[in-house]
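Notes for the one structure printed next.
Indexing begins at 1, ligand by ligand and atom by atom, following the structure's order. Quick note: numbers below take in every heavy atom, side chains included, and nothing from hydrogens, waters or symmetry partners. Note that the numbering runs from 1 along the sequence shown for the chain.
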Amino acid sequence: MKLELNIQPLESWIKTGKEPLVIAGPCSAETEDQLVATAHLLAQTGRVSALRAGIWKPRTRPGEFEGIGSIGLEWLKRAKAETGLPTAVEVATAKHVEEALKAGVDILWVGARSTANPFTVQEIADALKGVDVPVMVKNPVNPDLSLWIGALERINNAGITKLAAIHRGFSSYEKSAFRNEPMWDIAIHLKTLAPHLPMINDPSHITGNRSLIGYISQKALDLDMQGLMIESHIDPSVAWTDAAQQVTPAGLVEIIDHLALRKPEVRDAVVNDKLAELRSQIDKIDDLVIQKVAERMQIAEKIGQYKKDNNITILQVNRWDEILNKRTTYAKALKLSGEFTEKLLELLHSESIRKQTEVMNKDQAGQAADKLTHA
Ligand code: PEP
Ligand code: MN
């Protein structure tokens with residue numbers, strides 16, 4: 001099933017000539033000087049297509065800096081007039097939409113906390129009716145693809161066709177190296193449902209840590225995402241919000257310079273033929289691997305039956321150690337990494353144990369049921 005979104009290409013509303021497409025700017029507009037000076041440095045890099053800045057900040061806890069408010073729109077106007085950079089801000093209410101449009105903001109985005117609330121998204125969508133402005137929709141804070149799709153549909157139904165999705169990761173209770181888990185599968189799923197919907201990655205909010213931004217950016221580009229939104233501040237060490245994840249404009253250039261740009265598809269027939277040939281070799285080998293794994297499992301079942309008949313435990317630690325040692329040595333000689341081989345063997349072993357347990361207990365479940373009916 002594909003999503004029915006009426007979308008115009010990214011090129012129709014933002015300069016995509018510079019590769020990769022980068023939207024950059026501070027997490028929050030703090031002072032006129034901070035915003036305008038950051039904008040000048042970003043414009044001078046020649047690598048940035050639009051200037052972002054949070055004017056109204058949705059904060060998880062009260063008492064934190066909640067954004068400078070409408071006055072920041074005037075600063076954005078000045079930044080745009082002096083640098084020529086189009087501007088982008090987050091909107092979370094109908095009033096924000098009206099004020100941003102009145103101030104000539106070029107691109108609006110819906111933040112992760114807003115996307116999670118259909119009432120909020122609908123209010124924004126209603127305020128956008130009859131307006132021709134590009135809107136980017138961040139994924140919701142929770143890993144729920146339907147909420148993300150629902151928000152895109154509501155905005156699109158309001159007549160907004162200059163639409164993009166922003167992948168900024170999802171909150172998770174598990175401890176992790178990232179502020180928000182990327183959960184790439186969810187973003188890829190959306191891409192397969194809406195192949196024409198541009199997707200922009202936000203490595204700043206995924207990582208929460210400037211040292212990991214390059215790594216996530218590369219991964220996003222390798223997954224054929226169309227652009228990056230990266231928080232950049234003239235002096236991140238004194239930023240009022242998200243200090244740990246912001247980079248200086250010079251830091252931004254360094255990140256971009258280290259990114260490898262790979263092509264999503266190949267147009268060259270010779271390259272295509274060679275790729276097709278290699279892929280068919282891989283397909284054949286994969287079939288063989290699966291066939292051999294199935295044979296291994298059949299033998300495991302036989303062993304299970306034999307152990308059952310002779311009252312032997314399923315797991316024999318010595319035997320497992322022996323498999324692990326012999327196979328990792330062999331695999332190393334064939335240039336497979338020890339870590340990979342261990343993982344693969346563990347996976348095979350745990351499935352064998354599951355099969356053997358099934359064989360061992362096949363009759364027991366029946367006997368237990370018998371006991372119950374005869375009790
Ligand atoms: C932001 O872009 O500064 C922001 C608040 O992001 P998110 O909505 O992804 O948390
Ligand atoms: Mn931020």
Only N/O/S atoms count here: what is the atom of [X] closest to the Mn ion (ligand 2) called?
{"X": "Glu231", "value": "OE2"}
{"X": "His205", "value": "NE2"}
{"X": "Asp242", "value": "OD2"}

[atom] [closest protein heavy-atom partner, distance rounded to 0.1 Å]:
{"atom": "atom 2 (O) of ligand 1", "result": "Arg52 NH1, 2.7 Å"}
{"atom": "atom 6 (O) of ligand 1", "result": "Lys138 NZ, 2.9 Å"}
{"atom": "atom 8 (O) of ligand 1", "result": "Ala112 N, 2.9 Å"}

Relative to the heavy atoms of [X], which atoms of ligand 1 are at a distance of less than 4.0 Å?
{"X": "Cys27", "result": "3 (O)"}
{"X": "Gly111", "result": "8 (O)"}
{"X": "Arg113", "result": "7 (P), 8 (O), 10 (O)"}
{"X": "Trp109", "result": "2 (O)"}
{"X": "Lys57", "result": "1 (C), 3 (O), 5 (C)"}
{"X": "Glu231", "result": "1 (C), 3 (O)"}
{"X": "Arg168", "result": "7 (P), 9 (O), 10 (O)"}

Would you call [X] and [Y] a side-chain contact if the rule is heavy atoms closer than 4.5 Å?
{"X": "His167", "Y": "Pro182", "value": "yes"}
{"X": "Glu231", "Y": "His205", "value": "yes"}
{"X": "Gln291", "Y": "Leu288", "value": "yes"}

With distance as the sole test, does Ser28 use its side chain to make a donor-acceptor pair with the main-chain N or O of Gly67 at under 3.5 Å?
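Judged by distance alone, no pair lies under 3.5 Å.
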Where does the angle between the aromatic ring planes of Phe65 and Trp240 fall among parallel (under 30°), tilted (30 to 60°) and perpendicular (over 60°)?
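Perpendicular, since the angle between the ring planes exceeds 60°.
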Which of parallel (below 30°), tilted (30 to 60°) and perpendicular (above 60°) describes Trp148 and Phe170?
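The arrangement is perpendicular - the two ring planes meet at more than 60°.
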Assigning hydrophobic clusters by single linkage (Ile, Leu, Val, Met, Phe, Trp, Tyr; side-chain heavy-atom cutoff under 4.5 Å), is [X] placed with [Y]?
{"X": "Leu152", "Y": "Val141", "answer": "no"}
{"X": "Leu73", "Y": "Leu108", "answer": "yes"}
{"X": "Ile234", "Y": "Leu85", "answer": "no"}

Heavy atom to atom 1 (C) of ligand 1, shortest distance: which of Glu90, Gln246, His205 holds it?
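The residue whose heavy atom sits nearest atom 1 (C) of ligand 1 is His205.
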